[in-house]
There are 2 protein chains.
Amino acid sequence: MNKDQTTEDKIKEAARSVFLSKGFSGCSSREIAKAAGMNVALVNYYFRSKQKLFSLIFAAAMEDFMRSMIEVFQQDLQLEEKLRIYIEKEYEFLSQHPELANFIINEIKQEQHSFFDHAEQFNQVRDSGVFAEFELAQERGEVRKIDILTLILLILSNCHYPFMAKNFMKEMLSMDDHGYQVSLQEHKKFVTEMLINYLFKR
Amino acid sequence: MNKDQTTEDKIKEAARSVFLSKGFSGCSSREIAKAAGMNVALVNYYFRSKQKLFSLIFAAAMEDFMRSMIEVFQQDLQLEEKLRIYIEKEYEFLSQHPELANFIINEIKQEQHSFFDHAEQFNQVRDSGVFAEFELAQERGEVRKIDILTLILLILSNCHYPFMAKNFMKEMLSMDDHGYQVSLQEHKKFVTEMLINYLFKR
DNA sequence: ACTTGTTTTAAACACTTGTTTAATTTCTGT
DNA sequence: ACAGAAATTAAACAAGTGTTTAAAACAAGT
């Protein structure tokens, strides 16, 4: 824990860590306070309620989660390169934030956060023009005909699931941490190759 | 709720429903009791504790979750047919139990269920001989060289994720229920084609 | 040193949690 | 009809929950 952080930031950092690993209903305000090394009342002093603090963390997490997509797709690259780099970046990012995919998808399911406009995040991706670009490539016959939403589902499945199912895979297939990491790298390689082979005609 | 069910079964049914939608830490004993239409004490009278009841539900859910895999892979079919049918069955099954994948993968993450031997379930798949069969096909050059664990991760990603991310997709992509169902069917079609194209050489 | 405002704390509040107790109702065999 | 067992209930228990209160500690300016 950094020394010259403000109290507010210390709480945020602790809250993020606890919320991400245990979820909203899986932890208590006191647990967060303890993780931040301070009194329970301070949490509410700065953030008014557990729910409000959570909303903050959730919104920030969602932005993080979407950023890589937006960043990559805005770049001036060939479609195929965009996909290739996106997969690479997504694996890299989720390796550093392994709990994020699970967190987002779980907490969004319990619809306590309806105040938050999720679609807005995604519109930034839409605005990058990558969809139009893809549809143009489809008309030109350069890529396979596929609905854009289905394509997104296809890509996200292969990028998110391996991180979400970490413990499931480890327990089920009796893998240790190293084995999991190896499978992850392998998986990334195959996913990239498979998706590009399948989508792009040559 | 069926009339001639035993009390025990009514509680189990209610508990399954509540646990699957909210998770262990997301619900209370009283909530389960109320869903079953009876007193809290009865829940503990039959199952001793919330944790023990949960363990029962979890184990049963895990068996359900693994059954389709085992059933399909034990059949006497061509490898390609096995994969094709597995995907079909998995989509069918998860359409009827949309919360199951999320439930299993989430609750396995919070390691409160370490007593349960997860690997045992999977050994049944291993024992079906499908792995050996696949490795043989690899040596014969009929299928692409790929580590079996990576292959499993590849298949499960595409089968589980679309159901786990239901609300995420709906909110993010502003889809309604119908749009989601359409994407799901589309996705299944593409996944099947893509995986088979990629794995099997002809 | 004193005042003013901010930050932090311990304590309390009302309520929910999982679990148990003891009493009551319902069932079952005689 | 009765006795004994099983099923069900209301009530209580201690511990934990989110949140608030009121007092203390701290900081800065005068």
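Lettering of chains follows the sequences in order, A, B, ..., and the numbering in each one begins at 1.
- Note on B:Ser28: every side-chain N or O is 4.0 Å or more away from OP1 and OP2 of C:dT16.
- In this structure, B:Lys89 places its NZ atom where only 12 or fewer heavy-atom neighbours from other residues, nucleotides or ligands lie under 6.0 Å away.
- In terms of polar N and O atoms assigned as donor or acceptor, the side chain of A:Arg30 never comes within less than 3.5 Å of the base of D:dG16 in a complementary pairing.
- Going from atom OH of A:Tyr46 over to atom C1' of D:dT19 covers 18 Å, rounded to whole Å.
- Side-chain N/O atoms of A:Thr7 include one lying less than 4.0 angstrom from OP1 or OP2 on C:dT8.
- Rounded to whole Å, atom P of C:dT7 lies 16 Å from atom CD of A:Gln5.
- Taking atom CG on B:Leu53 and atom P on C:dT19, their separation rounds to 10 Å, with Å as the unit.
- By the 4.5 Å heavy-atom criterion applied to side chains, A:Arg144 and B:Met194 are not counted as neighbours.
- When rounded to the nearest whole Å, the span between CZ of B:Phe54 and P of C:dT19 equals 14 Å.
- B:Leu79 contributes atom CG, which lies 5.0 Å from atom CZ of B:Phe200 (distance to the nearest 0.5 angstrom).
- Using a 4.5 Å heavy-atom cutoff, the side chains of B:Leu173 and A:Phe122 are in contact.
- Whole-Å rounding puts the A:Glu8 CD to C:dT7 P distance at 9 Å.
- To the nearest angstrom, P of D:dA10 lies 10 Å from CG of B:Leu42.
- Checked by atom type, the side-chain pair A:Asp127/A:Asn123 shows no donor-acceptor distance below 3.5 Å.
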> How does DNA chain D read in dot-bracket, base by base from 5' to 3', with Watson-Crick or G-U pairs under 3.5 Å and | used when the partner is on another strand?
Replying inline: ||||||||||||||||||||||||||||||

Atom pairs and distances, side-chain donor-acceptor, residues 23-33 of chain A, under 3.5 Å, sequence neighbours left out:
from	atom 1	to	atom 2	distance (Å)
A:Ser28	OG	A:Glu31	N	3.1
A:Glu31	OE2	A:Lys22	NZ	2.8

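- When the C1' atom of D:dG16 is taken as reference, atom NZ of A:Lys22 falls 14 Å away, rounded to whole Å.
- Between the CE atom of A:Met172 and the CD1 atom of B:Ile108 there is a distance of 5.0 Å, given to the nearest 0.5 Å.
- Checking the phosphate oxygens (OP1, OP2) of C:dG18, no side-chain nitrogen or oxygen of B:Ser49 falls inside 4.0 Å.
- With values rounded to the nearest 0.5 angstrom, B:Leu156 atom CG is found 4.5 Å from B:Met69 atom CE.
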> Reading nucleotides 20-27 of chain D from the 5' end, what letters show protein touch, with B for base, S for backbone sugar-phosphate only, - for no heavy atom under 4.0 Å?
Replying inline: BB------

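- With a 4.5 Å cut-off on side-chain heavy atoms, B:Ile146 and B:Phe134 count as touching.
- Contacts of A:Phe47 with the nucleic acid, taken as non-hydrogen atoms under 4.0 Å apart, are absent.
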